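Please read all numbers here as calculations on a predicted model, not as lab measurements.
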Amino acid sequence: IEATTRQTDIAGVALPEQATSFVGRRAELRSLRALLGEHRLVTVAGPGGIGKTRLAIQAAWEFRRAFPDGVRFIGFASVRGDHMLAQSVCDAIGLDNRDVLAQSAEDALIAHLRRKRMLLVIDNCEHVIEGAAALISRIVEVTAGVRVLATSREYLSIPGEYVFPLQALSTDGDSAAQELFADRAE
């Protein structure tokens, strides 16, 4: 499900607005809430088009109150090289690292996040997996209050990562898949 280009920025929450309602996956949301309480890095993994991004955005929206310094969505889909990852995160959190010319974007980002209690939703890591893994690993290592909810077709394979494999919606009986189809057909 494609997100619109606008973002909701309410009390430190900047997430893409969704053009459609959220259907099904309530059990997965409950699981993600528990996992984000226990783990600093959770990766929602699965094949393309299964709903990883939509689930992550909904989870972030529903859990936003647990993060006093906010929730930010960072999409890596258009990033074409590892060297742009840290700058993409800086841009998403509103950090103008040009004021700190002596620091790299990554160093400025880490310095900014060091004392924050926030959730970063990092989407579409698969095509920059090594760079994303390195950056996320550093964020998790040097910040105490930042949680990362990543989406990817592949695991990041870094210490502390909890992989949440996302399965297709069930098509048995009166299912969420049927509800989704009916909702979208309407």
Side-chain angles (χ1 to χ4, degrees), residues 1-5 7-8 13-67 70-79 82 85 88-89 92 118-137 139-140 146-186:
I1 296 174
E2 289 296 315
T4 61
T5 56
Q7 288 200 346
T8 301
V13 177
L15 296 168
E17 288 188 22
Q18 301 302 296
T20 57
S21 61
F22 184 77
V23 177
R25 302 238 189 248
R26 290 288 163 198
E28 289 90 340
L29 279 173
R30 284 190 299 277
S31 295
L32 279 178
R33 177 184 284 265
L35 291 170
L36 283 169
E38 297 172 17
H39 304 279
R40 304 239 351 266
L41 168 60
V42 177
T43 301
V44 179
I50 201 163
K52 299 179 297 292
T53 300
R54 186 67 173 97
L55 178 64
I57 290 169
Q58 188 70 28
W61 177 254
E62 291 191 13
F63 310 154
R64 69 192 181 279
R65 289 184 184 89
F67 301 98
V71 174
R72 292 292 184 267
F73 179 87
I74 304 99
F76 282 168
S78 62
V79 176
D82 293 354
L85 297 175
S88 296
V89 179
M118 68 186 324
L119 174 64
L120 300 178
V121 178
I122 302 180
D123 188 44
N124 290 320
C125 296
E126 58 272 350
H127 70 286
V128 286
I129 196 76
E130 289 180 17
L135 178 62
I136 292 169
S137 181
I139 290 170
V140 171
V146 175
R147 305 268 176 178
V148 177
L149 178 57
T151 71
S152 182
R153 294 179 188 183
E154 301 177 40
Y155 305 163
L156 297 174
S157 299
I158 57 178
E161 175 185 31
Y162 185 93
V163 177
F164 184 81
L166 190 61
Q167 305 299 320
L169 288 172
S170 170
T171 58
D172 297 338
D174 187 19
S175 69
Q178 290 172 336
E179 183 183 348
L180 178 64
F181 178 78
D183 184 74
R184 297 310 183 256
E186 232 175 60

| Approximate separation, where rounding is to 0.5 Å, of I57 CD1 and D123 CG | 6.5 Å

| Are T53 and F73 close enough that some pair of their side-chain heavy atoms sits under 4.5 Å apart? | yes

| Residues which pass salt bridge (charged side-chain N to carboxylate O under 4.0 Å, His left out) with E154, listed by chain and number, not counting sequence neighbours | none

Please tabulate, for the side chains in residues 126-133, all donor-acceptor contacts under 3.5 angstrom to protein atoms that are two or more places apart in sequence or on a different chain.
residue: E126; atom: OE1; partner: R153; partner atom: N; Å: 2.9
residue: H127; atom: NE2; partner: F76; partner atom: O; Å: 2.9
residue: H127; atom: NE2; partner: V79; partner atom: O; Å: 2.8

| query | Does L166 offer a backbone N or O that forms a donor-acceptor pair with the side chain of K52 under 3.5 Å? | reply | no

| field | Y155 atom OH, over 12 foreign heavy atoms within 6.0 Å | value | no

| Qualifying residue, where the test is side-chain contact (heavy atoms from CB on, under 4.5 Å) with E161 and the options are V148, V140, T43, V42 | T43

| Given L120, which of I74, L41, L149 fulfils the side-chain contact (heavy atoms from CB on, under 4.5 Å) condition? | I74

| field | Exam field: side chain T151 to backbone N124, donor-acceptor pair closer than 3.5 Å | value | yes

| With side chains defined as the heavy atoms from C-beta onward, is the minimum distance between F67 and V146 less than 4.5 Å? | no

| What distance do L32 atom CG and Y162 atom OH have between them, rounded to the nearest 0.5 Å? | 9.5 Å

| note | Here the gap from L15 atom CG to W61 atom CH2, rounded to the nearest 0.5 Å, amounts to 7.5 Å

| Ignoring hydrogens and geometry, is there a side-chain-to-backbone donor-acceptor pair from R33 to R30 under 3.5 Å? | no

| field | E28: salt bridge (charged side-chain N to carboxylate O under 4.0 Å, His left out) partners, not counting sequence neighbours | value | R25

| 4.5 Å side-chain heavy-atom contact, I122 and L135 | no

| query | Between R147 and H39, is there a donor-acceptor pair closer than 3.5 Å when you use the side chain of the first and the backbone of the second? | reply | yes

